[in-house]
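Data block below; observations after.
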Protein chains: 2
Amino acid sequence: MPKDTFNNLSAEKKRIIFDAAVQEFSTRRFSEASINQIIKTAGISRGSFYQYFNDKEDIYLYMIMEIGKEKLEVLSHTEALNPDADFFENFLHMTRVALTWAKTKPDYNQVGLLMELDDSEFIAKLRALSTEGLAIIKGMVERDKQRGLIRQEINSDLVVEMMYTLNINLLKDIYRNGSEEEMLKKMADMYDIIKGGIARV
Amino acid sequence: MPKDTFNNLSAEKKRIIFDAAVQEFSTRRFSEASINQIIKTAGISRGSFYQYFNDKEDIYLYMIMEIGKEKLEVLSHTEALNPDADFFENFLHMTRVALTWAKTKPDYNQVGLLMELDDSEFIAKLRALSTEGLAIIKGMVERDKQRGLIRQEINSDLVVEMMYTLNINLLKDIYRNGSEEEMLKKMADMYDIIKGGIARV
DNA sequence: ATTCAATATGACAACCCTGTCATATGACAA
DNA sequence: TTGTCATATGACAGGGTTGTCATATTGAAT
């Protein structure tokens, strides 16, 4: 929730400030990021910053919302998957999309990863808000239980947690770990393990 | 590598300083931890600190080594597992031991978790050093492949990485997530999924 | 008791950071 | 042109951090 003064700014100037924020928050985690750095990059004065935002949380929130909008914009243009696809197909598809997104907007992705690393009060609250995604995934697991694709006695929450954890973990390596295909392969292999187990039958 | 001056100190005084370090590094991650705080807690002067250690890295390393020694001391008294036990039994056993350790020395455990959260140059290097553990686990996986307990085509490294990631993730919840048994149950369930998969056969 | 080396100390410089506020600048209206 | 309101500015206070260094204290040996 930036102040009115900020909203009155020209789109270009807003963009400059947004970019500066992204640059800072993709480099240092929230608690270590510095307003000083942002205003230097954006080329605005200290006083102006506080005329635009209340504090660091304020601009962070604004930035996250903007990123969210952009992401939604892109994702809405993504081809939908066959509605009958099973959990794994769905998840892999989501992973593919997420991976592409991360490659397209590496800065935005970094912001997300650093968010995962942060443990400040504020970020914890923020993270707690973005759990609807997990509910959807859980729904997919349970549908597959209904359809007899996944065993009844499996704990859906646990599966979701595992997949989520592994997914985040893999995203961390994204810039180290060479090509997109390699990463997708790795993900697919992990999912196969979750699906079929590693034990010899 | 503390300086000689530190090593000449009485065991009690060394312990006081070690404890102060643990207190600080179990509360704030390395990059955010403050020498000021440590000297305040330990009740020593700023000047003395720099007569004992070169800098924050120095005392951190010392602390990690000490913790390592203590841990080794405890673990060496842990009953060994049946040498024929399979990978999962072994891993679960290790988990059990790790969990007990974490409950016994919550501060030390916190230090480790915060290390996992940190992304500073220094901590990254440090973490890279502690990978021998993973090699052992990989060895166990491969032995089970030999014995025909785990399918040949499974990628051992991947399995190790998955187990490790899930394990760390679970340790994070340790203070939130109630009882030790609950956690062990959760771990066991996760391992079951890795072992047998979630798909209906 | 005196001397001398080891150790302890905290004031200090230098560098970060944040949030405020009096003042300057701009732009538009009367 | 002058007044007024919105916006821009950077100096400033107050807080944090680290590493150094001249000085004080201690303790042990002569």
Side-chain angles (χ1 to χ4, degrees), chain A residues 1-63 114 118-123, chain B residues 1-63 114 118-123:
Chain A
M1 5 335 271
K3 304 184 184 174
D4 289 341
T5 322
F6 179 76
N7 291 316
N8 294 340
L9 255 37
S10 72
E12 302 84 55
K13 192 155 188 188
K14 277 196 262 191
R15 186 71 199 189
I16 287 173
I17 293 169
F18 168 80
D19 286 342
V22 169
Q23 185 172 326
E24 178 65 2
F25 287 121
S26 66
T27 309
R28 324 213 282 183
R29 71 174 106 254
F30 177 77
S31 41
E32 280 172 343
S34 137
I35 293 176
N36 269 358
Q37 198 51 53
I38 296 176
I39 65 184
K40 215 194 302 181
T41 309
I44 61 174
S45 76
R46 178 152 212 78
S48 288
F49 178 90
Y50 283 97
Q51 215 123 29
Y52 300 154
F53 305 97
N54 286 309
D55 50 23
K56 196 161 64 161
E57 295 192 3
D58 204 12
I59 192 175
Y60 188 82
L61 225 47
Y62 167 72
M63 179 195 64
L114 285 182
D118 208 293
D119 57 352
S120 65
E121 192 85 1
F122 169 65
I123 296 293
Chain B
M1 17 283 323
K3 302 183 186 174
D4 289 342
T5 323
F6 179 76
N7 291 315
N8 295 338
L9 255 36
S10 71
E12 301 83 55
K13 192 156 186 187
K14 278 196 263 191
R15 184 73 200 184
I16 287 172
I17 293 169
F18 168 80
D19 286 342
V22 170
Q23 186 173 324
E24 179 64 1
F25 288 121
S26 65
T27 308
R28 322 213 283 185
R29 71 175 106 251
F30 178 77
S31 42
E32 280 172 343
S34 138
I35 294 177
N36 269 359
Q37 197 51 53
I38 296 177
I39 66 184
K40 215 196 297 184
T41 309
I44 62 175
S45 75
R46 179 153 210 81
S48 289
F49 178 89
Y50 283 97
Q51 215 123 28
Y52 300 155
F53 305 97
N54 287 309
D55 50 21
K56 197 162 65 163
E57 295 191 4
D58 205 13
I59 192 176
Y60 188 82
L61 225 48
Y62 167 72
M63 179 195 65
L114 286 183
D118 209 294
D119 57 352
S120 63
E121 193 83 1
F122 170 65
I123 295 292

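All values derive from a computational prediction rather than experimental measurement. Reminder, nothing fancy here: chain letters follow the sequence lines and each chain counts from 1.
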If you check every side-chain atom of [X], which of [options] has the closest atom?
| X | options | result |
| --- | --- | --- |
| Ser48(A) | dG19(C), dC17(C), dA8(D) | dA8(D) |
| Ser45(A) | dG10(D), dG19(D), dG10(C) | dG10(D) |
| Lys13(A) | dA8(C), dA8(D), dT7(C) | dA8(D) |
| Arg46(A) | dG19(C), dT7(C), dT7(D) | dG19(C) |
| Ile35(A) | dT9(D), dT18(C), dT17(D) | dT18(C) |
| Tyr50(A) | dT20(C), dT17(D), dA11(C) | dT20(C) |

Under-4.0 Å side-chain N/O to phosphate OP1/OP2 contact, [X] with [N]:
| X | N | answer |
| --- | --- | --- |
| Tyr52(A) | dA8(D) | yes |
| Asn36(B) | dG16(D) | no |
| Asn8(A) | dT7(D) | yes |

Say whether, by atom type as modelled, one donor and one acceptor occur between the side chain of [X] and the main chain of [Y] under 3.5 angstrom.
| X | Y | value |
| --- | --- | --- |
| Lys3(A) | Asn54(A) | no |
| Lys56(B) | Ser34(B) | no |
| Asp118(B) | Phe30(B) | yes |

**Q.** Partner nucleotide, any strand, of dG3(D) [Watson-Crick/G-U, under 3.5 Å]
**A.**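 dG3(D) is paired with dC28(C).
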
Could you give the [atom1]-to-[atom2] distance, from [X] to [N], as a whole number of Å?
| X | N | atom1 | atom2 | answer |
| --- | --- | --- | --- | --- |
| Gln51(A) | dT25(C) | CD | C1' | 12 Å |
| Asn54(B) | dG19(D) | CG | P | 9 Å |
| Phe49(B) | dT17(D) | CZ | C1' | 13 Å |
| Lys3(B) | dG19(D) | NZ | P | 10 Å |
| Gln37(A) | dC17(C) | CD | C1' | 12 Å |
| Leu9(A) | dA27(C) | CG | P | 14 Å |
| Ile39(A) | dG19(C) | CD1 | C1' | 11 Å |
| Asn7(B) | dT7(C) | CG | P | 11 Å |

Q) Do Tyr50(A) and Ile39(A) have side chains that get closer than 4.5 Å, going by heavy atoms? A)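 The answer is no, as the side chains (C-beta and beyond) never meet within the 4.5 Å cut-off.
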
Q: Indicate the ring-plane relationship of Phe53(A) and Phe6(A), choosing parallel, tilted or perpendicular according to the 30° and 60° boundaries.
A: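 Tilted.
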
